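Taking it in order: structure first as structure tokens, then the write-up.
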Amino acid sequence: MTPAETRAESWSESDAAAAPASEPVAPPVGAGGRTPDGVVSADRADADRADADGADVPGVAVATVPAAGAPSRAATAPAGAAPSGEAGGADRAARPRRWGRRRQDLTVFGLFLLAAVWVTSQIWTDPAGRVASLYSSDPAQVQFFLAHSVRVVLHGEFPFFTEQFNYPDGVNLMANTAILALGIPMVPVTLLFGPAVTFVVLVTLALAGTASAWYFVLSRHVVRSPLAAAVGGWFCGFSPAMLSHANWHPNIISQFLLPFIVWRVLVITRSRRPWRDGVLLALMVTAQAFINEEILLFTALACGVFLLAVLAQRPALWSAAWRPLAKALVTCAVLAGALLAYPLYIQFAGPMAYHGLSDAVRDYGNDIAAFFAPGSPTIGGAERANVNLAPNYSEENAFFGWSLSLIAVGIVAWLRRELLVRALAATGVFFAVLSLGERVSWWDRELITGPWEWLVRLPLLDAVVPTRFGLITSVVIGILLALAVERSRALPVERRTLRTLTVAGLVLALLPIAPMPLQVTSRPPVPDFITADRWRGYVGPDQTLVPIPVPNMGHTHGMRWAASTNLDFKIPGGYFLAPRNGNTGDPGRFGGRPSGVGQLLEEVASTGRIPKLDDRQRRRSLDELRHWRAAILVLPVGQHHAEQLRRTVEQLVGPGRRELDVWMWDVRALTDQPA
């Protein structure tokens, strides 16, 4: 929906009713000189071009007319005047405006980039040695996937499955968000500086890029005020939910395609070129699928709910919208389906495919109180204050704070006459309710069963983390803020007073949730034994290097070791989603098959207690090492409880030796023997 339509809606429902009966009512001129009354001006060619570009929302007839007080070109052009001269003068007059718009855009983009650098500043000081202070597993997984992209480009490795971790079962990368659309373009950075640097580059660009994309779409198609567009873009890019995911999930915060996908969906409802628009939509959908499929699904659901909310209020719009919409969506489905058919086959029917998420995350939901608390990584937030309001600190998908929550409600009440605002409000509330999960709670006290209880087992939705529906509500609030700033310009208030009130409102809404630098902590460096390539003398192409403890969800340092070498050696275990017990098609779980050795060493690493092992345990452990085709076991000397781990491993395979900064056990003689 464009400003023209929203202003048309406001005029038709309020101004017309308030106008004196003795005076004709002139509807307001919309963006680009459009009016809502469907009257076609003399400049029909411009109107046709606007319609062809899909500049308006479903079924609303608009046309370009001269701005108020300005005669049309058709009326003012003298007979016989040379059109070329008029066009040349118009071009010369338009150049300063275009350059001014360009400088304005670059300024906003630059400010967003500076804000993103500020948010990630503590990681930038040492990308390889710093990680999120509360939870460090996901960055290691992402770095592993970035290293996999290097192998795809340099070695032609299969992009959708790998045996470089969880050997020999492997990992279905299509079912694990391998971010190929981000990792492959970043291969030069990964090769030059390593995956840890690429990770922080992606987080920084994702925050700034998402904010910039929303600003661009809002400023071109929704509001005319640069400030309004900048406020909306800012919140969409730096909302508490985005900041929460920034320390862990660059794939989730890389939403720079979403504003264009949303706008393209609205375009096709009135498009005169639905086949072309369907192709454009298909290409964007395909690219987003290789960034994050869950966010793509959210976008599709949000567009559907929004359009239904519009049609519920204006059923007559459907008659004009359904034909181009159907043509474009069929085109999109055919093309995107062809492009994604094989990757989706691998994801849902290929090796190590799973159906449905682990029970550990399936019921993740927001607490109602989370909508009124500030997020942890914000100026008004505190980690301890948010305990039990979100599943964990990487999933704070609401946390708007009291002031913004009340202001958002106030905006809806103020602009309730506008169809766009009512449709946005319905969309935001719908997904806020879904984000509560299967059990609705208030300050961690369960109240009632949530609607998600009846949806969680549906196809596709069974792979959704419900708390993340709050991301859709965040975008809705960002658009509402942009509309509020835009509409405030028309209030009957003295200009200076209006400016003061606008700034005060924005400060009240946004200051408590203003972003702060992400909190980080130091992590152990990759051992010199790995970086100096000393491991290459022991590990062959079809053998594994076994880090101690064995990599799993809580111990991902071994994944970072492999990523630092661009996955030149294989490892067993790791942090990923896979079917239970390795059986393709089973429900998902974190990690591969249960490992006796892995569980034993994890317990020692956690407790520091050295178990006394018998011959049966030793035989079973050797069987696992043979299954992994283990070449060497590697324990950093600086590992927590390193001495206890060393003595435990010696009970299994005998004495090891110190090499550089690790203890190392060469077990090839043991694992090459038949069981």
Side-chain angles (χ1 to χ4, degrees), residues 239-245 249 252 294-295 297-302 304-306 308-309 312 356-376 378 381-413 422-478 480 512-513 587-588:
S239 67
M242 293 285 283
L243 298 174
S244 170
H245 287 284
H249 306 138
I252 289 178
E294 186 177 37
I295 296 299
L297 177 61
F298 287 173
T299 305
L301 293 174
V305 171
F306 175 80
L308 288 175
L357 286 179
S358 165
D359 292 337
V361 298
R362 195 182 72 174
D363 61 348
Y364 275 9
N366 291 323
D367 193 292
I368 295 175
F371 289 92
F372 308 105
S376 295
T378 64
E383 293 170 356
R384 293 182 180 179
N386 293 347
V387 172
N388 298 327
L389 296 185
N392 56 58
Y393 290 109
S394 69
E395 296 288 354
E396 293 187 3
N397 294 294
F399 295 89
F400 304 126
W402 274 106
S403 58
L404 179 59
S405 298
L406 293 176
I407 286 173
V409 173
I411 291 171
V412 174
R422 295 194 298 267
L424 284 171
T427 304
V429 170
F430 179 83
F431 288 105
V433 171
L434 287 188
S435 78
L436 301 177
E438 297 179 67
R439 302 289 181 268
V440 178
S441 61
W442 170 260
W443 285 106
D444 203 30
R445 187 175 74 247
E446 184 176 322
L447 302 178
I448 58 173
T449 299
W452 187 245
E453 170 74 19
W454 304 299
L455 302 175
V456 67
R457 294 172 183 81
L458 295 178
L460 297 183
L461 294 183
D462 63 355
V464 165
V465 182
T467 175
R468 295 177 183 173
F469 283 121
L471 291 164
I472 301 175
T473 305
S474 291
V475 170
V476 167
I477 290 178
L480 288 174
I513 55 170

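Remember, predicted model here, so these are calculated numbers, not experimental data. Reckoned from all heavy atoms, side chains included, excluding hydrogens, waters and symmetry mates.
At a threshold of 4.5 Å between non-hydrogen side-chain atoms, the residues Arg468 and Ile252 count as touching. Taking the side chain as every heavy atom from C-beta outward, Leu424 and Val412 never approach each other to under 4.5 Å. The side-chain heavy atoms of Val456 and Leu461, taken from C-beta on, include no pair separated by under 4.5 Å. Two residues are said to be in side-chain contact when any heavy atoms from C-beta on lie closer than 4.5 Å; Asn397 and His245 meet this criterion. Considering only heavy atoms from C-beta on, Trp452 stays 4.5 Å or farther from Val433 through its side chain. No side-chain heavy atom of Pro466 sits under 4.5 Å from any side-chain heavy atom of Ser435. Two residues are said to be in side-chain contact when any heavy atoms from C-beta on lie closer than 4.5 Å; Ser441 and Leu447 fail this criterion. Using a 4.5 Å heavy-atom cutoff, the side chains of Phe431 and Val305 are in contact.
From Asn392, atom CG reaches atom OG1 of Thr467 across 8.5 Å, with rounding to the nearest 0.5 Å. For the atom pair CG of Asp462 and CG of Leu455, the computed distance is 11.5 Å after rounding to the nearest 0.5 Å. Considering CD of Glu438 and OG1 of Thr449, their distance stands at 9.0 Å, rounded to 0.5 Å. To the nearest 0.5 Å, the span separating CG on Leu471 from CD on Glu294 amounts to 8.5 Å. To the nearest 0.5 angstrom, Asp367 atom CG is 6.5 Å from Asp444 atom CG.
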Practice item. Report the C-alpha separation of Phe430 and Thr473 in whole Å, then their side-chain angles, then the decisive distance to 0.1 Å, and conclude whether the side chain to side chain contact (heavy atoms under 4.5 Å, CB included) test is met. Key: CA-CA 9 Å; Phe430 179 83; Thr473 305; over 6 Å; no
Review point. What do the steps show when you test Phe399 against Phe371 for side chain to side chain contact (heavy atoms under 4.5 Å, CB included), and what is the final call?
Key: CA-CA 5 Å; Phe399 295 89; Phe371 289 92; over 6 Å; no
Exercise for review: Report the C-alpha separation of His249 and Ser394 in whole Å, then their side-chain angles, then the decisive distance to 0.1 Å, and conclude whether the side chain to side chain contact (heavy atoms under 4.5 Å, CB included) test is met.
Suggested key: CA-CA 8 Å; His249 306 138; Ser394 69; 3.9 Å; yes
Point to revise | Derivation and outcome, side chain to side chain contact (heavy atoms under 4.5 Å, CB included), residues Ile477 and Leu404 | key: CA-CA 9 Å; Ile477 290 178; Leu404 179 59; 4.2 Å; yes
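Summarising the geometry of Ala302 relative to Ile472, their closest heavy-atom pair is CB-CG2, 3.8 Å, with the distance given to 0.1 Å. The minimum heavy-atom distance between Ala369 and Leu389, with the atom names listed, is CB-CD2, 3.8 Å. The heavy-atom pair separating Ser403 from Pro512 by the smallest distance is OG-CG, 3.7 Å. Smallest separation of non-hydrogen atoms from Thr378 and Ile513: CG2-O, 3.5 Å. The two residues Val440 and Leu436 have their closest heavy-atom pair at CG1-CD1, 3.9 Å. Minimum heavy-atom separation, Val465 to Phe298: O-CZ, 4.2 Å.
The distance between the ring centers of Phe372 and Phe400 does not fall below 6.0 angstrom.
At least one donor-acceptor pair closer than 3.5 Å links the side chain of Ser244 to the backbone N or O of Glu396.
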